[in-house]
Structures are given as structure tokens and as C-alpha cells.
Amino acid sequence: MDKKTSLILGSLFILTSGLIFTIERLTAYVYWSGQINTGTWDTIPRTMPLSDNLFTVLFLLVGIVFIIVSFKKER
């Protein structure tokens, strides 16, 4: 695997991690807005921290490792 491939894979893993985290937050806000229509809701929607989802953290770490490996490789 060359430098360019490692950099692309690292970027894709980090983007996927961010996408998963964004979808989780979006579903929390949609659920919260659904509760507003029923009349019983919290003042702030319950969102999960970044460390609660195993895949988000795993993809982020794998992406960082790929990027570090790509910078350590020679041309």
C-alpha cells in the first residue's frame, strides 16, 4: 500500500466516523422533536457522547493510524 492509498483510506475512515456521529445526533433531535408534538419533552435532547458508540471511536482511531502511516512512508 502506497502513501496516497493510506492517506485516502485514513480520510475515508475519519469521514465515516463523523457521518455515523452526525446520524446519531440527527436521530436524537428527530426523536426529541417528535416528543415535543406529544407534549412531554425534555428541555434539551438526550444525545450520546462520542465515546458511547464503539464504531465511531474505532473508525476514528483506524483513520488516524492510516494517516500517521501515510506520513511516515517515503515517496
Side-chain angles (χ1 to χ4, degrees):
M1 193 170 358
D2 61 341
K3 183 176 182 172
K4 185 178 178 181
T5 307
S6 296
L7 189 62
I8 290 171
L9 281 175
S11 300
L12 284 176
F13 271 106
I14 290 175
L15 285 173
T16 304
S17 172
L19 182 67
I20 291 171
F21 184 68
T22 302
I23 290 172
E24 277 186 344
R25 302 229 358 149
L26 182 66
T27 56
Y29 279 101
V30 167
Y31 179 71
W32 180 64
S33 66
Q35 286 180 332
I36 289 175
N37 291 334
T38 63
T40 60
W41 69 90
D42 296 333
T43 56
I44 300 172
R46 282 189 240 161
T47 56
M48 295 173 51
L50 180 67
S51 62
D52 276 358
N53 189 345
L54 175 68
F55 290 109
T56 304
V57 175
L58 181 67
F59 283 3
L60 183 64
L61 290 176
V62 169
I64 290 171
V65 166
F66 270 122
I67 288 178
I68 289 172
V69 166
S70 73
F71 284 130
K72 290 198 181 240
K73 286 186 179 183
E74 293 182 17
R75 291 183 175 241

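Each of Y29 and Y31 belongs to its own hydrophobic cluster when Ile, Leu, Val, Met, Phe, Trp and Tyr are linked at side-chain heavy-atom distances under 4.5 angstrom. Residues M1 and F71 fall into different hydrophobic clusters, defined by Ile, Leu, Val, Met, Phe, Trp and Tyr side chains chained together at heavy-atom separations under 4.5 Å.
Screening residues 52-63 for side chain to side chain donor-acceptor pair (under 3.5 Å) gives E24-N53, N53-T56 as the qualifying pairs, with residues at least two apart or on separate chains.
Taking CD1 of I20 as the start and CG of L60 as the end, the distance is 10.5 Å to the nearest 0.5 Å.
The aromatic rings of F13 and F59 lie perpendicular to each other, with more than 60° between the two planes, well past the 30° mark.
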Do any side-chain atoms of residues 4-12 form donor-acceptor pairs under 3.5 angstrom with protein atoms, and if so which ones, sequence neighbours left out?
| unit_1 | atom_1 | unit_2 | atom_2 | d |
| --- | --- | --- | --- | --- |
| T5 | OG1 | D2 | OD1 | 2.5 |
| S6 | OG | D2 | O | 3.3 |
| S11 | OG | L7 | O | 2.9 |

